[in-house]
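Residue numbers run from 1 in the order of the sequence given.
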Amino acid sequence: MGPTATGKSDLALDLAERVGGEVVNADAMQLYRGMDIGTAKLPRAQRRGIPHHELDVLEVTQEASVAAYQVAARAHFDAIAARGHRPLLVGGSGLYVRAALDRLEIPPTDPRVRARIEAEGEQVGPDVLHARLRALDPEAGAAILPGNVRRVVRALEVIELTGRPFSASMPTRELASPAIILGLRVEREVLDERVARRVDRMWDAGLRAETETLLGAGLREGVTASRAIGYGQAIAVIDGVMGEREAREDTARATRRYARRQESWFRPDPRIVWLDAQAPGLLDRALAAVREADVRVRPGIPENG
């Protein structure tokens, strides 16, 4: 795990080849079929024959669900292990990672309740909605920014449906099954440069054309998919609201902000073994961490095994 553009996919492939692994995707936007260029989804031809799971499982008109993802990811873990392979969870969507790995009971949802709260939010504004959350659940109100309207609505929905604070349903750092968690990081300036290069590659590779195709498949109507970074900017170009140069710059800015949020999400987790993605011997250091974890979990394994 780790911020975008740190090299998670490449390390995952190297690790999978060495430990007999199969990859389970933990990037929420890579769940969507056809959203390839804008999500930096690894093309099939570049996967080195390593099975990848939880890619291209949703249409852009469908809403991604953490609860459904949790069930699917854990089913993949069991199936991969039954084949004698090792599951590698790979991605930067923090809540999806936690749902797959940690003991987490996903609270219920009700589309009617959510729609009503969303409608109220449109009438009174996000600040009033957030103030209501702070009054009902101060802990959740402090953790969720007022601008994250979708998360505020979800919190209020859970409070209404369960009668319990939303913060009570937040994941705890308790693994559901033994795992080693590796995090990749690079210096801020280097990460910003990587983001800029990646954004340019996406636009050069045909992000606008891909977006036009997805619009034909209903992208504008997608609750989750339509908010993906890069696609909103491409839609603005297609609609004539924004020029491509401006769209590229805005995509890079939004991606940098997203990387900062990812860093903030992962940084407090003491279980993560952080690896400098730029330092020599990255694969060897990752393998050493895996072997050390194996020895702790299964003491009979020799350290050089």
Side-chain angles (χ1 to χ4, degrees), residues 24-33 35 54-77 89 91-174 176 214 217-229 231-232 258 261 265:
V24 179
N25 165 56
D27 182 319
M29 293 305 165
Q30 291 191 7
L31 296 171
Y32 287 101
R33 193 171 294 111
M35 291 178 64
E54 287 305 293
L55 293 175
D56 304 321
V57 295
L58 296 176
E59 301 296 339
V60 293
T61 52
Q62 295 177 280
E63 184 174 1
S65 161
V66 176
Y69 174 80
Q70 182 185 60
V71 173
R74 293 184 179 184
H76 286 303
F77 294 165
L89 185 71
S93 295
L95 187 56
Y96 283 70
V97 171
R98 298 289 299 276
L101 295 182
D102 288 340
R103 297 190 184 279
L104 170 62
E105 180 180 346
I106 309 294
T109 185
D110 186 324
R112 293 170 298 181
V113 172
R114 188 191 318 168
R116 173 168 50 75
I117 297 172
E118 287 174 340
E120 292 173 6
E122 291 178 359
Q123 290 181 343
V124 302
D127 290 339
V128 173
L129 215 58
H130 189 262
R132 184 190 307 171
L133 175 61
R134 287 200 310 271
L136 294 172
D137 185 349
E139 184 177 344
I144 302 173
L145 296 175
N148 192 345
V149 178
R150 185 165 181 260
R151 195 79 176 135
V152 171
V153 169
R154 174 60 175 153
L156 291 171
E157 176 193 14
V158 169
I159 292 169
E160 180 169 332
L161 291 175
T162 66
R164 300 169 57 213
F166 178 70
S167 54
S169 66
M170 295 297 286
T172 59
R173 294 192 177 102
E174 182 183 0
L214 292 169
L219 178 61
R220 288 186 197 270
E221 290 72 47
V223 176
T224 310
S226 61
R227 287 196 295 269
I229 296 172
Y231 293 96
Y258 176 56
R261 293 197 299 273
W265 176 279

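The two residues Arg74 and Leu104 have their closest heavy-atom pair at NH2-N, 4.4 Å. In terms of heavy-atom proximity, Val152 sits nearest to Ile144 at CG2-CG2, 3.8 Å. Annotation for Tyr258 and Gly92: closest pair OH-O, 3.7 Å, computed over non-hydrogen atoms. The shortest non-hydrogen separation linking Asp127 to Pro146 is OD1-CB, 4.0 Å. When all heavy atoms of Asp56 and Arg33 are compared, the pair lying nearest together is O-NH2, 2.8 Å. Taking each heavy atom of Ala217 and Thr61 in turn, the nearest pair found is O-CG2, 3.6 Å.
One N or O on the side chain of Glu157 and one on the backbone of Asp110 form a donor-acceptor pair closer than 3.5 Å. Counting only distance, with no hydrogens or angles, the side chain of Arg132 and the backbone of Val128 share no donor-acceptor pair below 3.5 Å. The backbone N or O of Ala64 lies less than 3.5 Å from a partner atom in the side chain of Tyr32, making a donor-acceptor pair.
Atom CG of residue Leu145 and atom NE2 of residue His130 lie 7.0 Å apart, to the nearest 0.5 angstrom. To the nearest 0.5 Å, atoms CD (Glu174) and CZ (Arg103) are separated by 5.0 Å. Here the CG-CE distance, from Asp27 to Met29, works out to 8.0 Å after rounding to the nearest 0.5 Å. Arg114 CZ to Leu156 CG: the interatomic distance, rounded to the nearest 0.5 Å, is 12.5 Å. We find the CG-CD distance between Leu129 and Gln123 to be 11.0 Å, quoted to the nearest 0.5 Å.
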Give the intermediate values and the outcome of side-chain contact (heavy atoms from CB on, under 4.5 Å) for residues Gln30 and Met35.
-> CA-CA 7 Å; Gln30 291 191 7; Met35 291 178 64; over 6 Å; no
Using the side-chain contact (heavy atoms from CB on, under 4.5 Å) rule, take Glu54 and Leu31 through it: C-alpha gap first, then chi angles, then the decisive distance, then the call.
-> CA-CA 6 Å; Glu54 287 305 293; Leu31 296 171; 3.8 Å; yes
CA sep, side-chain torsions, deciding dist, call: Arg151, Leu95, side-chain contact (heavy atoms from CB on, under 4.5 Å) = CA-CA 12 Å; Arg151 195 79 176 135; Leu95 187 56; 3.9 Å; yes
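Under a 4.0 Å N-O distance rule, the pair Arg150/Glu63 qualifies as a salt bridge.
No side-chain heavy atom of Leu89 sits less than 4.5 Å from a side-chain heavy atom of Tyr96. Under the 4.5 Å side-chain criterion, counting only non-hydrogen atoms from C-beta, Arg112 is not in contact with Arg116. Arg154 has its side chain within reach of Pro107: a pair of non-hydrogen atoms, C-beta onward, lies under 4.5 Å apart. When side chains are defined from C-beta on, Glu160 counts as touching Ile117, because their heavy atoms get closer than 4.5 Å.
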